Amino acid sequence: MNIIYCDSLVIGGGLAGLRAAVASAEKGNSTIVLSLCPVRRSHSAAAQGGMQASLGNSKMSEGDNEDVHFADTVKGSDWGCDQEVARMFVQTAPKAIRELASWGVPWTRITKGKRSAVINAQKTTIEEKEEVNGLIHSRDFGGTKKWRTCYTADATGHTMLFGVANECVKHNVDIRDRKEAIALIHKDNRCYGAIVRDLIDGTIEAYVSRGTLIATGGYGRIYKHTTNAVICEGTGAAIALETGVAQLGNMEAVQFHPTPIVPSGILLTEGCRGDGGILRDVDGYRFMPDYEPEKKELASRDVVSRRMMEHIRNGKGVKSIYGEHLWLDISILGREHIEKNLRDVQEICEIFNGIDPADEGPKGWAPVLPMQHYSMGGIKTKPTGESPTLAGLFSAGEAACWDMHGFNRLGGNSVAETVVAGMIVGDYFADYCKSHDIDINTQDVQKFVDREENYIKELLNKEGKFNVYEIKNRMKDVMWDYVAIFRTGEGLEKAVKELEELYKKSLDIKVENKEPFANPELEDAYRTPKMLKLALCVAYGALLRTESRGAHYREDYTKRDDANWLKRTLTAWKEGDTMPTVTYEPLDIMKMEIPPAFRGYGAKGNIIENSQSQIRQAEVDKIKEELEKEGKGRYEIQDALMPYELQPKFKKPNERVGVGNE
């Protein structure tokens, strides 16, 4: 048995994992990062549009601050988020983006003077002040009051990933790629690392640590149509679930992005619409103003995706051999703008569809259709990032339900969350690793190693009845057909029933290729049951939640039900079961800084209100009025409304042009 010891074990080599590793190494912890692929090829590199941070630099960002960003995030979440975590996030985001600049991320900068922009499909002139010349720029994104999304053209994730990866090298973080964590080591409700399979030679190793942090991204590949990379199968969340101790949160909250290109599913960034691009139907008609007169194409992602599918249902889709779709038109932005700020989008369109989106008229329009994009659900954590039920297990980024997104994530808030959570959670994680010793003996570790080695041998030797690829592909079809943008009780019942049967079948499969390494069939054989467990958590949670909230839309329960469903879904999995166990954690309205209200989309009155909302709103209004009369500033008012814990170095005020720290 090969045991590797370290202070801090980080599973996942994307932005969240690498940033947390930097935080751990800075405090003197020996830190190992495990990654399925070379870390600079992590799925974080696919992020195009940008990172939200309320810098307030540019003309269209003036007046932005943490309060505005916080309100956008809470409303975007459809009041499903943890408001204390959202506060931690918005307060730290400006510090994170400036830190990244110091690490070499080449943020697109403001040039003083006049520039042209497209707003609401009309060319407009914006004049930037001399004092902001050279400061970090930002673009418009859906669901925001201000232009807040900072970017490096449309390759933001790529540049951020290289900057953070380089910082890991600087701090001597031990990065090991082509390693897959297949189980967690735990004893007496404490995590001590992971059992890891080497993807090159197939060997099983034990990584034993003081603390373990999972940052393996989302679970989009349980769906047939997704923008996620092939490695985004959710196995990090699954191994936490399989402990029987850790829980997952809000797994039914799955986001669908409006503009993946058809048929490849590669994402065309929200920056396309943020910069002024528009959606058109089969007639070339711009339809979004008819549905959302105020925000139009820049309503939140869940709203735009539903409106697009609704428009297709109304007979306005474009028919093709790949099914119906709609058009994304960015040609109105002009060739110069596209080739400077959307060049990756242009390249994707040229390579995968043979079109140049800078060409004027219909020949430059890109075929788009909403597809699965992001997982709001994940490993349930406290605001510190630690599991409340399995000590020593932390999680950050898309793998976690930290829970700043609730039931819908704003564009640009996920790229921001990776590095912000990497900073905040990584710092708490580092302190945990410094203050806790490894308290597990070799014999207990050996049991975990033996179990996984025996499982792999059993898969290779078993003469089962079923083919893993047939099971996996059917799972994807079921999720897309019944657990996608529009959901019904009838469809979800079908999904849950069939997914449970598929899970049972996945325990009796035959692996044709008997090699213990370099064997993709074997890898699918042990991953697919994990994916089916996650799929059941999503589908069963969606079936039980009889309301519509954010990205979770029930056609048979169209109202947001604050009276009965203002609570977080928690799923667990007991060994030997074929279904998850579901419980709930209520959200306390009386502690909220912003109590539930109308979100700003669709018709008013589509909410079953909670009686506490008006009571809390009256309290909030009274506190604000009294403190404003006393001349208190916004930080003091905020603290009176909803105190929150955050490391002092992150909680200190952020400076902005023209207003200083206020």
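What you see is a predicted model; the values in this text were computed from it and never measured.
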How long is the straight-line distance from [atom2] of [Y] back to [atom1] of [X], given to the nearest 0.5 Å?
X: S30; Y: N172; atom1: OG; atom2: CG; answer: 11.5 Å
X: Y207; Y: N2; atom1: OH; atom2: CG; answer: 7.5 Å
X: I351; Y: I261; atom1: CD1; atom2: CD1; answer: 11.0 Å
X: T226; Y: K476; atom1: OG1; atom2: NZ; answer: 8.0 Å
X: T203; Y: E453; atom1: OG1; atom2: CD; answer: 9.0 Å
X: D450; Y: K457; atom1: CG; atom2: NZ; answer: 8.5 Å

Would you say the side-chain atoms of [X] pair up with the backbone N or O of [Y], donor to acceptor, closer than 3.5 Å?
X: E521; Y: N513; answer: yes
X: T156; Y: Q48; answer: yes
X: S209; Y: C6; answer: no
X: K380; Y: N250; answer: no
X: N29; Y: A25; answer: no
X: S395; Y: I214; answer: yes
X: D154; Y: D344; answer: yes
X: D444; Y: I440; answer: no

Looking at [X], I'd like to know if its [atom1] atom is crowded, meaning that more than 12 non-hydrogen atoms belonging to other residues, nucleotides or ligands lie closer than 6.0 Å.
X: K462; atom1: NZ; result: yes
X: Y374; atom1: OH; result: yes
X: K27; atom1: NZ; result: yes
X: Y322; atom1: OH; result: no
X: R176; atom1: CZ; result: yes
X: E347; atom1: CD; result: no

With a 3.5 Å cut-off and no angle check, do the side chains of [X] and [Y] form a donor-acceptor pair?
X: H373; Y: T227; value: yes
X: Q247; Y: T389; value: no
X: E417; Y: H405; value: yes
X: S24; Y: T31; value: yes

Quick one: are the ring centres of Y503 and W573 less than 6.0 Å apart?
-> yes
Would you please indicate yes or no on a ring centroid separation below 6.0 angstrom for F256 and Y223?
-> yes
Go through the steps for D198 and R178 under the test salt bridge (charged side-chain N to carboxylate O under 4.0 Å, His left out), then give the verdict.
-> CA-CA 6 Å; D198 189 298; R178 298 176 179 86; over 6 Å; no
Contacts of type side-chain hydrogen bond (donor to acceptor under 3.5 Å, both in side chains), residue D177, not counting sequence neighbours = none
Partner of I471 under side chain to side chain contact (heavy atoms under 4.5 Å, CB included), chosen from D508, L532, D524 = L532
Test salt bridge (Lys or Arg N to Asp or Glu O under 4.0 Å), reference E233, set R221, K472, K533, output is K472
So, is the end of the R210 side chain (NZ or CZ) under 6.0 Å from the ring centre of Y432 and within 45° of the ring's axis?
-> no
Please, which pairs that meet salt bridge (Lys or Arg N to Asp or Glu O under 4.0 Å) have at least one residue in residues 9-22, sequence neighbours excluded?
-> R19-E99
Pair E205-R197, salt bridge (charged side-chain N to carboxylate O under 4.0 Å, His left out): steps then yes or no = CA-CA 6 Å; E205 302 168 311; R197 182 171 179 268; over 6 Å; no
Within-4.5 Å side-chain heavy-atom neighbours: W103 and R98 | no
Do NZ/NE/NH1/NH2 and the carboxylate oxygens of R409 and E398 come within less than 4.0 Å?
-> no
Candidate pair E498 and R474, rule salt bridge (charged side-chain N to carboxylate O under 4.0 Å, His left out), full reasoning = CA-CA 9 Å; E498 186 167 356; R474 182 56 193 157; 2.6 Å; yes
Tell me, with the steps shown, if K434 and D7 meet salt bridge (charged side-chain N to carboxylate O under 4.0 Å, His left out).
-> CA-CA 8 Å; K434 293 288 285 185; D7 296 328; over 6 Å; no
